[in-house]
*Asks:* 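After the structure tokens below, expect a handful of questions from me.
So you know, we letter chains A, B, ... as the sequences are listed, proteins then strands, and number each from 1.
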2 protein chains.
Amino acid sequence: MITMLDVSRRAGVSKATVSRVLNGTGQVKQSTRDAVFRAMEELGYRPNFLAQSLATRSSNSIGLVLSNFDGPYFGKLLRQAAKDVEASGKHLIVTDGHDTPEDEIEAVRLLADRRCDAIVLYTRHMSEAQIMRLFETLPMPLVVINRDVPQARDRCVFFEQQQAAFEAVSYLIGQGHREIACITGPLGTPTAQQRLAGYRAALAGHGIDYHEARVAEGDNKVPGGYEACRQLLANGAPFSALFCSNDDMVIGAMRALSEAGRTMPEQVSLFGFDDQPAAAFLQPALSTVYLPIDAMMETAIRQTLRLLNRQPVAALAPFTGQLRLRGSVARGPFA
Amino acid sequence: MITMLDVSRRAGVSKATVSRVLNGTGQVKQSTRDAVFRAMEELGYRPNFLAQSLATRSSNSIGLVLSNFDGPYFGKLLRQAAKDVEASGKHLIVTDGHDTPEDEIEAVRLLADRRCDAIVLYTRHMSEAQIMRLFETLPMPLVVINRDVPQARDRCVFFEQQQAAFEAVSYLIGQGHREIACITGPLGTPTAQQRLAGYRAALAGHGIDYHEARVAEGDNKVPGGYEACRQLLANGAPFSALFCSNDDMVIGAMRALSEAGRTMPEQVSLFGFDDQPAAAFLQPALSTVYLPIDAMMETAIRQTLRLLNRQPVAALAPFTGQLRLRGSVARGPFA
DNA sequence: CTGTTAGCGCCTTCAC
DNA sequence: GTGAAGGCGCTAACAG
């Protein structure tokens, strides 16, 4: 491994000078600058990132921890993050939270140990208290996605899950449905709870009774949606519409429904959540809630950079859902 | 930020001793060990990862670069990598290659600058020469996924793309299809080229002429599959089966076909590639090629660790496809 | 403009 | 068993 010392010797200057041309700091005569560059070139020198970071106490990178690498719109989210971070001239370093609060915290700590300049945390599991604790103990800025911590609204980017679910189900009701089934996500996660709450609120708001037999818990995955839907069918409580906590589960549910001889959307209308790329191409084309994850991530990164630069920051506005209405919803029996 | 020096003072010992108990190296009296631990605890000490790495010249982490964060089975792949790497007590650090050879190389270099102990590269774009150059210049072990470099079979984990495509299309032919259309991936990538080559080889092997009008280039995404399929339909060359370079494009194609009034699998049989989670739940259930990405990633990590530990390594066997036969293929007109 | 001198926080001989 | 001292590779005053 060739070091700055090697370069300095080859160019006949001191390490300090090499450092100067490397970082473009201070004044260096053009001729010696050239000499240094040439030496670096000839030796194939690459600065040692660790040494640089240690000396400057800044790794010029921001860390991102995701609750689970294999989440639904995870790829999109990651791409957006990479793009925005790199646009700022910094590096992105990503870590997986293994879908448990402990590991999510540990992941954050690891990034902190790595001296990331700032950290962005997309959590599905941490409690508000745990997040607060991080806010208080971390020596670098932290921005949280997907959770609302009222005491730190300037560092929280979140989505009005319940409201969006409420609107989706209200739409179904508006179309004449009253017997509406629901497949939830893992009920251990706030996100799934909130979407379920939105479903319940919509029913309640329209004077429709809540029936346990019309609700099944899924795992946000395709096969899970299939199983949950079979459960629903087995329960025997009739339904003319089905609201799912995400699009993937709708795909599974569609198969269960068609195996049961139900036609869609005639006999069963469908509503999803996420608006994943395939949604518009399913048959029937899926009505769903659009989740502006790229915008959310962009906001998160932008705010993070602000905090990093000690610019004034204001509370962030919650993101709201947007219904994408497509062919999967037909008029219901009460239209 | 509290350092080792703080801990040493608090515990009334030297930095060296703190270092010893931290790393479990050397002999330390139990009582002083306890004192040190207590001091670390009380101060909330966390070792500075950068300083550690710089001093030991090892970051205890392995780097992974992916051609594109938003690839199809990307999440699965990443999860597997994280799991295997962490099982070895190291950290995983991931980077995006932005789907260009230059950025893929740059990403590798960045990881090298970070002094990763080893690097795993999943590339879609780099040429063999570029990969060879990396093999020669990187100071740490490199293992490549998804590319076969004959001179370095012990560091290449790859899949027999062409053979798998050949088998899939041969199966269609065996079922009585002769007019078989094909939607390829981006033809700039070796993967797409190889799958197309497999398609052509299968046709040729069965004495069937190749028709350009039955081939359209897609982009591996759902909407791209839709567009490509419409193109195929517009071309006017009839086909009783459609082979797609990946499952996502099949989803798009299915919509185009049904919009054109084609029934599946009766009028058009379908075959995909990837066996993504939704494949078995589409209607008709999709026949596709299973790609053992987790096994491939596991192999890659395992081999990487071997190289790291200077254990003897042998050439890696290529991975082969496995057909998942489901309802999307009906008997063809020549059955 | 450029070189010298101290660190950054930790590990690691080498003595005691 | 423990401490002192030097070094990992680079940056950052401070002098000239």
*Asks:* State whether B:Phe49 and A:Arg115 meet the cation-pi test: NZ (Lys) or CZ (Arg) under 6.0 Å from the six-membered ring centroid, and within 45° of the perpendicular axis.
*Replies:* no
*Asks:* Considering only C:dC10, D:dC10, C:dT13, which nucleotide approaches the side chain of B:Arg20 most closely?
*Replies:* C:dT13
*Asks:* Starting at atom CG of A:Asp113, determine the distance to atom P of C:dG9, rounded to an integer number of angstrom.
*Replies:* 14 Å
*Asks:* Toward the 5' end of DNA chain D, which comes first, B:Ala55 or B:Thr32, by nearest nucleotide?
*Replies:* B:Thr32
*Asks:* Classify B:Val13 by what it touches in the nucleic acid, base, sugar-phosphate, or nothing, heavy-atom distance under 4.0 Å.
*Replies:* sugar-phosphate
*Asks:* Could you tell me whether A:Met4 contacts a base, only the sugar-phosphate backbone, or nothing, with contacts defined as non-hydrogen atoms closer than 4.0 Å?
*Replies:* base
*Asks:* Do B:Thr17 and B:Ser8 make a side-chain contact, defined as non-hydrogen atoms from C-beta onward lying under 4.5 Å apart?
*Replies:* no
*Asks:* Ignoring hydrogens and angles, does a donor from either the side chain of B:Arg46 or the base of C:dG9 sit under 3.5 Å from an acceptor on the other?
*Replies:* no
*Asks:* Take atom CZ of B:Arg114 and atom C1' of D:dC10, then tell me their distance rounded to the nearest Å.
*Replies:* 16 Å
*Asks:* Whole-Å distance between C:dT4 C1' and A:Leu5 CG?
*Replies:* 14 Å
*Asks:* Is the backbone N or O of B:Arg133 less than 3.5 Å from a side-chain atom of B:Thr137, with the two atoms forming a donor-acceptor pair by type?
*Replies:* yes
*Asks:* Under 3.5 Å, is there a donor-acceptor pair between the side chain of B:Asp96 and the main chain of B:Phe69?
*Replies:* yes
*Asks:* Ignoring the backbone of A:Ala16, work out which of C:dG9, D:dA12, C:dC1 is nearest its side chain.
*Replies:* D:dA12
*Asks:* Would you say A:Ser14 places a side-chain N or O within less than 4.0 Å of OP1 or OP2 belonging to C:dT2?
*Replies:* no
*Asks:* How many whole angstroms separate atom CG of A:Leu22 from atom C1' of D:dA12?
*Replies:* 14 Å
*Asks:* Grab the CG-C1' distance between A:Leu50 and C:dC10 for me, whole Å please.
*Replies:* 12 Å
*Asks:* Where the side chain of B:Lys15 is defined as all heavy atoms beyond and including C-beta, which of C:dC8, C:dC11, D:dG9 is the nearest nucleotide?
*Replies:* C:dC11
*Asks:* Using the side-chain contact (heavy atoms from CB on, under 4.5 Å) definition, which of the options A:Leu291, A:Thr191, A:Asp148, A:Ile145 pairs with A:Phe159?
*Replies:* A:Leu291
*Asks:* How long is the line joining CZ of A:Arg33 and P of C:dT2, in whole Å?
*Replies:* 9 Å
*Asks:* Quick check for you: among D:dT11, D:dC8, C:dT4, whose closest atom lies nearest to any side-chain atom of A:Thr56?
*Replies:* D:dT11
*Asks:* Check every strand shown and say whether B:Tyr45 touches a base, only sugar-phosphate, or nothing at a heavy-atom separation below 4.0 Å.
*Replies:* sugar-phosphate
*Asks:* Under 3.5 Å, is there an N or O donor on one side and an acceptor on the other linking the side chain of B:Arg115 and the base of D:dG9?
*Replies:* no
*Asks:* How many whole angstroms separate atom CG of B:Asp6 from atom C1' of C:dC10?
*Replies:* 13 Å
*Asks:* OP1 or OP2 of C:dC11 versus the side-chain N and O atoms of B:Ser19: is any pair under 4.0 Å?
*Replies:* yes
*Asks:* I'd like to check B:Arg147 versus B:Phe158 (side-chain heavy atoms, cut-off strictly below 4.5 Å). Are they in contact?
*Replies:* no
*Asks:* Of A:Gln30 and B:Gln52, whose nearest nucleotide on DNA chain C comes first from the 5' end?
*Replies:* A:Gln30
*Asks:* Has A:Asn48 got a side-chain N or O lying under 4.0 Å from the OP1 or OP2 atom of D:dC8?
*Replies:* no
